[in-house]
Protein chains: 2
Amino acid sequence: MAVTIKDVAKLSGVSISTVSRVINDSKPVSPEVKRKVLEVIEEIGYKPNEIARTLVTKKSYLIGVIVTDLADSYVADMVRGIEEIGKMYNYDILLCSSYGDKEAELKYIQLLNRKQVEGMILISSTLDDEVDKKVSEYDIPFVYLSRYSKSEKYPTVSIDYHFAAYEMTKYLISLGHEKIGYVGYLEDENSTQYEKINGYKRAMNEMELDSSHIFKTKGLNIREGYSALNNSLTENGVTALLCSSDKIAIGALNYCYDNNIKTPEDISIVGFGDIQIASLIRPKLTTVKEPFYDIGAVAIRKIIKELSKEPSEEKHIKLPYQIQKRDSSRKL
Amino acid sequence: MAVTIKDVAKLSGVSISTVSRVINDSKPVSPEVKRKVLEVIEEIGYKPNEIARTLVTKKSYLIGVIVTDLADSYVADMVRGIEEIGKMYNYDILLCSSYGDKEAELKYIQLLNRKQVEGMILISSTLDDEVDKKVSEYDIPFVYLSRYSKSEKYPTVSIDYHFAAYEMTKYLISLGHEKIGYVGYLEDENSTQYEKINGYKRAMNEMELDSSHIFKTKGLNIREGYSALNNSLTENGVTALLCSSDKIAIGALNYCYDNNIKTPEDISIVGFGDIQIASLIRPKLTTVKEPFYDIGAVAIRKIIKELSKEPSEEKHIKLPYQIQKRDSSRKL
DNA sequence: TTGAAAGCGGTACCAA
DNA sequence: TTGGTACCGCTTTCAA
């Protein structure tokens with residue numbers, strides 16, 4: 001059995017109250033007593049039991065984080081931001097991976113609550129109705145992080161997808177491209193995918209360019225970016241492709257590589273996200289840099305603020321993005 | 001204030017002992033009482049406080065995981081394995097990132113202990129002496145996971161790097177290559193890097209081939225793989241490169257790409273690890289697949305076994321690896 | 001400045 | 001099958 005506050009009290013010949021006071025610096029303790037207690041603590045290597053402490057103070061210093069999949073580098077980046085800022089305020093994170101399964105999300109939300117987390121962050125592509133309901137049952141700060149879905153009800157942290165897509169399209173136009181295609185997943189009406197395509201269309205329309213070269217993908221992965229193109233690409237003479245995500249852009253890049261269409265010589269391809277591989281692959285991908293780490297950081301900061309009853313700022317925070325110009329795009 | 005076991009007891013007209021029994025199914029309870037209690041629990045949405053429970057049972061169902069950096073996909077993969085298997089046994093993970101800072105590791109080891117984790121997994125390139133010492137202070141199951149360092153003292157899970165390198169070299173030889181270079185970081189004597197280079201040398205010596213084409217890197221990252229090559233590569237007519245890690249291999253690949261040396265036409269390049277990008281870049285990288293997910297899974301399983309007092313198997317577990325033949329290598 | 005004692009929300013033993 | 005109660009390790013009144 002580990003040493004407890006009682007052992008310290010006994011060995012230093014004081015009450016546990018006094019020991020508690022010295023370890024917490026909560027109330028004045030005479031110097032000699034303090035010294036003695038500290039000495040004993042050092043000697044027997046006493047470490048307060050945080051569980052016991054939590055039980056009485058109600059502060060677990062735990063934040064629950066439910067993610068879809070750590071294998072997605074952007075998720076890992078968000079978690080890094082969450083963790084690092086959390087640590088600055090002595091918070092630890094309890095991690096759960098749902099792999100996109102809403103039952104799992106539901107289960108973890110309950111689990112984390114039983115473990116007395118003080119706040120929760122959910123990173124998930126879509127916000128399921130039941131999950132939404134379950135979250136509202138609990139009365140702890142919550143932030144919803146998603147690259148795809150929006151939520152009015154819960155606080156979110158993201159970038160302005162519409163403007164980002166708009167700006168990126170303008171950039172391609174400035175490079176001299178006129179036949180610019182859009183590649184993306186367009187199933188869910190309420191998703192950020194629509195903000196992106198609208199940004200694209202707006203930029204195209206402003207310049208009176210044809211915004212009808214839409215390549216619909218069947219999903220959000222590399223494979224689907226690859227197969228959305230097929231042979232329709234070369235037929236209509238598109239010279240640039242705005243992809244709704246880096247994965248899709250990489251799929252497109254691979255498609256071109258395999259079909260002897262050179263990037264960026266024959267076609268410019270740009271992505272969205274700036275996930276890790278974006279700058280690792282060759283050619284390096286031109287893309288919209290979403291500040292994943294910062295998104296995580298801001299999310300947990302928001303939670304911690306709420307926890308300390310500070311007036312919380314706006315509910316939906318938009319962070320700045322950047323247009324990362326690299327090698328997969330060039331002047332026509 | 002959330003509802004407690006007392007509320008349930010009061011509302012169902014029984015003692016808290018009885019309520020405890022029904023929620024834990026620990027002792028027989030008459031059907032009617034049970035039904036009634038369950039009803040009340042459902043009605044007021046009672047959820048046991050795990051913190052209170054932990055305090056008395058000493059079971060926190062928490063495993064502490066200290067990692068270097070989640071941004072490394074192999075780390076994320078290990079954590080996934082840890083988390084997924086942990087969840088099967090109701091364990092949750094408390095995550096800490098050290099970013100390679102040993103002070104941070106030290107701090108987190110203590111922190112996790114105060115939070116009453118039942119076991120700990122450390123993922124770190126090197127096992128610092130002080131960290132080693134600190135770990136031994138605590139009496140909980142511990143596993144050390146590293147791709148670079150070895151530890152006799154603590155349980156580990158890895159692959160047989162010597163054989164893997166040996167086998168990969170043999171594979172390159174079987175492709176007709178004779179001038180095979182080795183690219184790797186060779187500073188730390190006690191590292192797995194030496195097992196790899198020895199595997200390489202053994203394979204080369206067995207075929208009486210020259211094993212002196214060693215390119216020393218100054219680190220383990222892409223950049224260092226890139227710069228280790230410089231112009232020495234083409235001079236000596238090496239036709240294949242065995243790299244000690246995928247990152248280094250990618251650096252090599254990039255070096256070749258930038259210097260107009262075609263892979264695999266002019267040179268075959270193979271890596272070690274099979275991290276995520278290995279199969280995403282073009283050409284897809286031939287590499288030794290280290291089962292990161294499984295390594296994490298086996299590590300936590302080992303901890304859970306120890307926790308349940310099962311006889312633990314061997315201390316240092318070696319998992320099978322695979323030679324992933326892809327596009328960055330070909331017949332000479 | 002100190003100690004005693006009442007909890008925090010549970011579990012588990014003992015007696016009924 | 002049940003209830004009473006001690007206790008887990010700590011914080012925090014309240015009195016001294």
Side-chain angles (χ1 to χ4, degrees), chain A residues 1-38 40-41 44-62 90 110-118 138, chain B residues 1-38 40-41 44-62 90 110-118 138:
Chain A
M1 190 61 61
V3 298
T4 73
I5 197 170
K6 280 185 192 164
D7 302 314
V8 178
K10 202 165 297 169
L11 287 170
S12 15
V14 298
S15 71
I16 62 169
S17 321
T18 303
V19 177
S20 175
R21 279 168 201 133
V22 353
I23 60 184
N24 291 306
D25 244 335
S26 48
K27 288 267 174 80
V29 173
S30 74
E32 318 94 82
V33 173
K34 185 166 183 172
R35 206 185 36 69
K36 176 63 183 169
V37 171
L38 254 14
V40 172
I41 286 179
I44 65 177
Y46 167 72
K47 299 281 181 307
N49 179 328
E50 293 293 335
I51 293 289
R53 204 172 245 178
T54 297
L55 186 58
V56 20
T57 60
K58 305 288 173 221
K59 284 205 69 63
S60 65
Y61 285 102
L62 248 29
N90 292 316
Q110 296 196 69
L111 180 75
L112 291 172
N113 272 283
R114 292 154 91 112
K115 296 242 179 192
Q116 309 302 118
V117 297
E118 294 183 44
Y138 299 99
Chain B
M1 188 61 62
V3 299
T4 73
I5 197 170
K6 281 184 192 165
D7 302 314
V8 179
K10 200 165 298 169
L11 287 170
S12 15
V14 299
S15 71
I16 61 169
S17 321
T18 303
V19 177
S20 176
R21 278 168 202 133
V22 352
I23 61 185
N24 292 305
D25 245 334
S26 49
K27 288 270 174 77
V29 173
S30 75
E32 318 93 85
V33 173
K34 185 166 182 173
R35 207 184 36 69
K36 176 64 182 166
V37 171
L38 255 14
V40 171
I41 287 179
I44 65 178
Y46 166 72
K47 298 281 182 307
N49 179 328
E50 292 294 334
I51 293 290
R53 205 173 243 178
T54 297
L55 187 58
V56 19
T57 61
K58 305 291 173 218
K59 285 205 68 63
S60 65
Y61 286 102
L62 248 30
N90 291 317
Q110 296 194 71
L111 179 77
L112 291 171
N113 271 282
R114 292 154 92 113
K115 295 242 178 189
Q116 310 302 116
V117 297
E118 295 182 44
Y138 299 98

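Below, each value reflects all heavy atoms present in this structure, side chains not excepted, and no hydrogens, waters or symmetry copies. First the proteins, then the strands, lettered A, B, ... as listed; each starts at 1.
Among the nucleotides D:dT5, D:dG3, D:dT11, the one closest to the side chain of B:Ile16 is D:dT5. Checked against D:dT12, C:dC8, D:dG9, the side chain of A:Ala52 finds its nearest nucleotide in D:dG9.
More than 12 non-hydrogen atoms from other residues, nucleotides or ligands lie less than 6.0 angstrom from NZ of B:Lys59.
Regarding contacts with the backbone of C:dT11, a side-chain N or O of B:Ser20 is found under 4.0 angstrom from either OP1 or OP2. Remark: B:Thr4 is not in phosphate contact with C:dG9, judged by side-chain N or O atoms under 4.0 Å from OP1 or OP2. Remark: B:Lys6 is in phosphate contact with C:dC8, judged by side-chain N or O atoms under 4.0 Å from OP1 or OP2. Checking the phosphate oxygens (OP1, OP2) of D:dG9, a side-chain nitrogen or oxygen of B:Lys58 falls inside 4.0 Å.
Note that the CG atom of A:Leu55 and the OG1 atom of B:Thr54 stand 10.0 Å from one another [nearest 0.5 Å]. For the atom pair OH of A:Tyr46 and NZ of A:Lys6, the computed distance is 11.5 Å after rounding to the nearest 0.5 Å. Atom-to-atom distance recorded for A:Tyr138:OH and B:Lys47:NZ is 4.5 Å, nearest 0.5 angstrom. Atom-to-atom distance recorded for A:Thr4:OG1 and A:Lys10:NZ is 8.0 Å, nearest 0.5 angstrom.
Following rounding to the nearest Å, B:Gln116 (CD) and D:dC10 (C1') show an atom-to-atom distance of 11 Å. Residue B:Asp7 contributes atom CG, which lies 9 Å from atom P of C:dG9 at whole-angstrom precision. Between the P atom of D:dG9 and the CZ atom of B:Arg53 lies a distance of 18 Å, rounded to the nearest Å. D:dC10 atom P lies 5 Å from atom CD1 of A:Ile5, rounded to whole Å. When rounded to the nearest whole Å, the span between CG of A:Asp25 and P of D:dT12 equals 13 Å. Taking atom CG of B:Leu55 as the reference point, atom C1' of C:dA12 lies 14 Å away to the nearest angstrom. Residue B:Ile23 contributes atom CD1, which lies 13 Å from atom C1' of C:dA12 at whole-angstrom precision.
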**Request:** Go through A:Lys36 and A:Val40 one step at a time and tell me if the side chain to side chain contact (heavy atoms under 4.5 Å, CB included) criterion holds.
**Result:** CA-CA 6 Å; A:Lys36 176 63 183 169; A:Val40 172; 4.1 Å; yes
**Request:** Go through the steps to decide whether A:Thr18 and A:Arg21 satisfy the test side chain to side chain contact (heavy atoms under 4.5 Å, CB included), and finish with yes or no.
**Result:** CA-CA 5 Å; A:Thr18 303; A:Arg21 279 168 201 133; 3.9 Å; yes
Give me, pair by pair, the N or O atoms of the protein and of nucleotides 13-16 of chain D that are less than 3.5 Å apart, along with how far apart they are.
residue	atom	partner	partner atom	Å
D:dT13	O4	A:Arg21	NH2	3.3

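Among the heavy atoms of the strands lying under 4.0 Å from B:Ser30 are primed sugar atoms or P, OP1, OP2 only; no base atom is included.
B:Lys115 places a side-chain N or O within 3.5 Å of a backbone atom of A:Ser60 that can act as its donor or acceptor partner. Looking at B:Glu50, its side chain never comes within 3.5 Å of a backbone N or O of A:Gln116 through a donor-acceptor pair.
Contacts between residues 44-51 of chain B and DNA chain C, counted as heavy-atom distances below 4.0 Å, involve B:Tyr46, B:Lys47, B:Pro48, B:Asn49.
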